[in-house]
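Structure record follows, encoded as structure tokens.
These figures come from a predicted structure and were not determined experimentally.
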There are 2 protein chains.
Amino acid sequence: MSEYEHTCLIRGDGGQTLRAILDRICNKWTLLIVATLDRGTLRFSDLAQQIPGISQRMLTLTLRNLERDGLVSREVHAEVPPRVEYTLTPAGKSLIPPALALASWAIEHVPHIEASRAAYQAR
Amino acid sequence: MSEYEHTCLIRGDGGQTLRAILDRICNKWTLLIVATLDRGTLRFSDLAQQIPGISQRMLTLTLRNLERDGLVSREVHAEVPPRVEYTLTPAGKSLIPPALALASWAIEHVPHIEASRAAYQAR
DNA sequence: CCGTATCCGACGCGATACTG
DNA sequence: CAGTATCGCGTCGGATACGG
């Protein structure tokens, strides 16, 4: 692979594959949930309170999508009151490093981006 | 930093910083444009034809956002016909590695995800 | 050639109310 | 406790037409 051909991974199939994944990752809550579950197994209500601002609806929907994609496993305990526990699968855990890479980039570049926006504004 | 505390980068401020960046990255065309510009300076019409399916509108809008954030520089040549060239700034280039990390993850896990979806479907 | 303007449909997501 | 159902708003992005 020559110097300027690694981006073929991104350009790949016209970006379809990558964007399909990004769409799953890039919604409002997915990464927060995955990062929270990296601490270990949590039940629904624990997730709800550890992720400030999330609604029941979005927590449910996002968890269902993650389960559907095999990134999170869902275990229902037949008790009263009901207890449902969510755990990151190996695939889910493997998402953490690349997500961290992006997070690091984000935090590193926030000052530059905000400065650039301010400069752009002043025109 | 202990074993399970690196995700503080993601959970950080409640995900606000990371999501602000993800929102810029995760729209339909940004990464494709950045990856395409990694080859070098390109003019508007070249980008349009190297990125299949993009509309003039979205190419313009996405490039403006990237310029505003200081990831792409825009150079207008006062000629007839007009020539406008776009180049990745150093900050823009620095986005490529983490984006590739995510792309690699995506491609690696597509089979697993699709299998999981098929299994989930059959219930 | 390189845009901008306008309309319009689709979807993400929050608020709220209700169930097993 | 752990959801599901419904509504309504805001935003993204495609199609199309026009301008410097």
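B:T89 places a side-chain N or O within 3.5 Å of a backbone atom of B:G92 that can act as its donor or acceptor partner.
Counting any heavy atom pair closer than 4.0 Å across all strands shown, B:R43 reaches sugar-phosphate atoms only and no base atom.
For the OP1/OP2 pair of D:dT4 and a distance below 4.0 Å, the side-chain nitrogens and oxygens of A:R64 include at least one atom meeting the criterion. For the pair B:S45 and C:dC2, the criterion of a side-chain N or O lying under 4.0 Å from OP1 or OP2 is met. Here B:Y86 reaches the OP1 or OP2 of C:dG3: one of its side-chain N or O atoms lies under 4.0 Å away. Between B:R19 and the phosphate of C:dC13, there is no side-chain N or O to OP1/OP2 separation shorter than 4.0 Å.
Position along DNA chain C of the nearest nucleotide to A:S55 versus B:R83 favours B:R83 as the more 5'-ward residue. When each of B:W29 and A:P81 is assigned the nucleotide of DNA chain D with its nearest heavy atom, A:P81 is the one assigned upstream, toward the 5' end. Take the nearest nucleotide of DNA chain D for A:R57 and for A:L63: the residue whose nucleotide is more 5' is A:L63. Checking A:I54 against B:F44, the closest nucleotide of DNA chain C that is more toward the 5' end is the one next to B:F44.
Residue B:L59 contributes atom CG, which lies 14 Å from atom P of D:dA15 at whole-angstrom precision. Note: CD (A:E75) to P (D:dA2) measures 13 Å, nearest angstrom. For B:Q56 and D:dG13, the CD to P distance is 17 Å, given to the nearest whole Å. Computed from coordinates, the A:D23 CG to D:dT11 P distance equals 19 Å when rounded to whole Å. Here the C1' atom of nucleotide C:dC1 and the CG atom of B:L47 are 14 Å apart, to the nearest Å. Rounded to whole Å, the distance from CE on A:M58 to P on D:dT4 is 13 Å. Rounded to whole Å, atom C1' of D:dG13 lies 13 Å from atom CG of B:N65. In this structure, A:E67 atom CD and D:dA2 atom P are separated by 15 Å, rounded to whole Å.
Residue A:S94 comes nearest to B:H109 through the heavy atom pair OG-NE2, 2.9 Å, listed as atom of the first residue, atom of the second, then distance. Across all non-hydrogen atoms, the minimal contact from B:A48 to B:I54 is O-CG2, 4.1 Å. Nearest heavy-atom pair, A:I25 versus A:T30, reported as atom, atom and distance to 0.1 Å: O-CB, 3.8 Å.
The 12-atom threshold is not exceeded at CD of B:Q121, counting heavy atoms of other residues, nucleotides or ligands nearer than 6.0 Å.
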